[in-house]
Amino acid sequence: MEDNSNVVLMKGNEAIAHAAIRCGCDGYFGYPITPQSEVLETLAQLKPWETTGMVVLQAESEIASINMLYGGGGTGKKVLTSSSSPGVALMQEGITYMAGAEVPCVIVSVQRGGPGLGTIQPSQSDYNQSTRGGGNGDYNTIVLAPNSVQEMADFVDLAFTLAFRYRNPAMILSDGVIGQMMEKVVLPPQKPRRTEEEIAKECPWAANGHGLKSRKPNYITSLELDSAVMEQRNIALQKKYAECAEKEVRYEEIQCDDAEYLIVAFGSASRISRKAMDMLRAQGVKVGLFRPITLWPFPTKRLKELSKRVKGMLVMEINAGQMVFDVRAAVEYSIPVEHFGRLGGIVPSPDEIVDAVNKMRK
């Protein structure tokens with residue numbers, strides 16, 4: 001008999017909050033914005049400062065939030081924020097500072113439609129903002145794209161692991177569908193927060209004041225006035241990003257072995273696309289689904305391999321076409337790549353995707 005004692009029903013945003021506490025997060029700093037406000041609200045309800053000692057603070061703005069992460073992450077602490085599209089746009093300066101200073105943190109972005117303030121309805125139009133850095137300079141943010149409430153919970157610990165492994169900001173790029181929908185989820189086991197001694201040992205780079213008698217003080221900064229030194233720092237960053245791109249690519253393939261056509265989709269769009277794939281298979285059309293889980297690093301190599309076995313790809317996104325450029329670059333225009341999306345926060349139906357695939361086949 002299946003043990004359901006650890007299975008709970010909750011929203012994706014709520015799963016983020018529970019998982020943050022359970023993975024030993026030291027601090028959350030954020031500001032309310034639809035459709036992600038439940039992250040902060042759930043943390044306020046759970047009161048982890050009384051159980052694990054985790055700090056939870058509503059900052060005065062998104063700009064304040066990301067700079068609080070800069071300070072907390074700079075001491076080697078596990079720090080987290082969450083926001084939605086316009087709020088994450090405000091955080092871009094802080095994110096590039098943290099990338100330049102090699103400060104780890106986790107940012108949860110629950111996307112909504114834009115441009116500008118746009119709508120509170122779900123969208124995927126922040127793909128470029130997330131995977132292309134978003135701020136100034138040559139840097140990358142590690143980007144994970146969940147497509148379920150379970151992955152919202154699972155990816156918090158994974159994001160922290162990658163952020164500290166590469167000393168880099170990591171982002172969980174969700175959207176209003178996954179953030180607001182309710183599903184069964186198994187929450188991760190409770191981890192203790194690291195002690196100050198453990199942080200000092202695991203993060204010798206941190207500006208935490210430890211060991212000043214045995215080493216020189218640590219400085220956390222992205223500023224370097226000597227251009228020659230700055231060039232070497234950038235070379236080191238690019239080497240780190242190349243290592244991450246080699247080792248950390250994640251994706252899911254569904255019925256791709258015999259597929260003649262592929263739908264490529266991430267996040268909530270992949271859920272709708274899977275239904276469309278089933279409908280097409282019922283019509284006798286051999287369609288597979290390829291879901292990038294890491295949007296950066298992007299699974300370029302695997303897509304290129306698959307492109308040699310299929311007749312065409314349809315990229316399904318809830319935007320005007322952003323990931324499609326990474327797909328086209330991966331297949332080097334060796335096969336037709338079409339795009340279908342909906343704009344302004346309108347979520348497509350499986351029937352629309354079926355029609356788009358059939359048009360591509362013709």
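For the single chain, residues carry numbers from 1 onward in sequence order.
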Salt-bridge contact E196-K77 (side-chain N to carboxylate O under 4.0 Å) = yes
inquiry  = Tell me whether I178 shares a hydrophobic cluster with I346, the cluster being built from Ile, Leu, Val, Met, Phe, Trp, Tyr side chains joined at under 4.5 Å.
reply    = no
* To do: Inspect the contact between R112 and D175 and indicate whether a charged nitrogen and a carboxylate oxygen are less than 4.0 angstrom apart.
  => no
Is it the case that atom CG in L117 sees more than 12 heavy atoms from other parts of the structure closer than 6.0 Å? no
- Query: Does the T96 side chain pair with the main chain of Q92, one donor and one acceptor, at a distance under 3.5 Å?
  - Reply: no
Side chain E62, main chain Y31, donor-acceptor under 3.5 Å:
no
Check: Do R233 and Y139 meet the cation-pi criteria used here (NZ or CZ under 6.0 Å from the six-membered ring centre, within 45° of the axis)?
Finding: no
Rounded to the nearest 0.5 angstrom, the CG-CD1 distance for D154 and I172 is 10.0 Å
- Taking atom CG of D138 as the centre, report whether more than 12 heavy atoms of other residues, nucleotides or ligands fall under 6.0 Å from it. no
* So does E260 pair up with R309, basic N to acidic O under 4.0 Å? -> no
I would like to know whether E338 and K359 meet salt bridge (charged side-chain N to carboxylate O under 4.0 Å, His left out); could you show each step before the answer? CA-CA 10 Å; E338 304 292 336; K359 287 179 182 177; over 6 Å; no
Using modelled atom types and a 3.5 Å cut-off, is there a donor and acceptor pairing between side-chain atoms of Q283 and backbone atoms of V285? no
Under the criterion side chain to side chain donor-acceptor pair (under 3.5 Å), I'd like the reasoning laid out for S82 against Y28: C-alpha separation, chi angles, the key distance, then a yes or no. CA-CA 8 Å; S82 63; Y28 171 92; 2.7 Å; yes
Check your understanding: Going by an N to O cut-off under 4.0 Å, is there a salt bridge joining K240 and E102?
Key -> yes
Test side chain to side chain donor-acceptor pair (under 3.5 Å) on Q180 and E38; report intermediate values, then the result.
CA-CA 9 Å; Q180 292 293 324; E38 290 87 355; 3.0 Å; yes
Do F29 and V79 come within less than 4.5 Å of each other through their side chains, counting heavy atoms only? yes
Any donor-acceptor N/O pair, E50 side chain to K47 backbone, under 3.5 Å = no
*Distance-only, no hydrogens or angles: does the N147 side chain make a donor-acceptor pair with backbone N or O of S270 under 3.5 Å?*
no
Handout entry: Criterion side chain to side chain donor-acceptor pair (under 3.5 Å) on Y127 and Q111, from CA distance to verdict
Key = CA-CA 9 Å; Y127 179 94; Q111 298 169 91; over 6 Å; no
Is it the case that the side chain of S84 and the backbone of V110 share a donor-acceptor pair, with hydrogens and angles ignored and the cut-off at 3.5 Å? yes
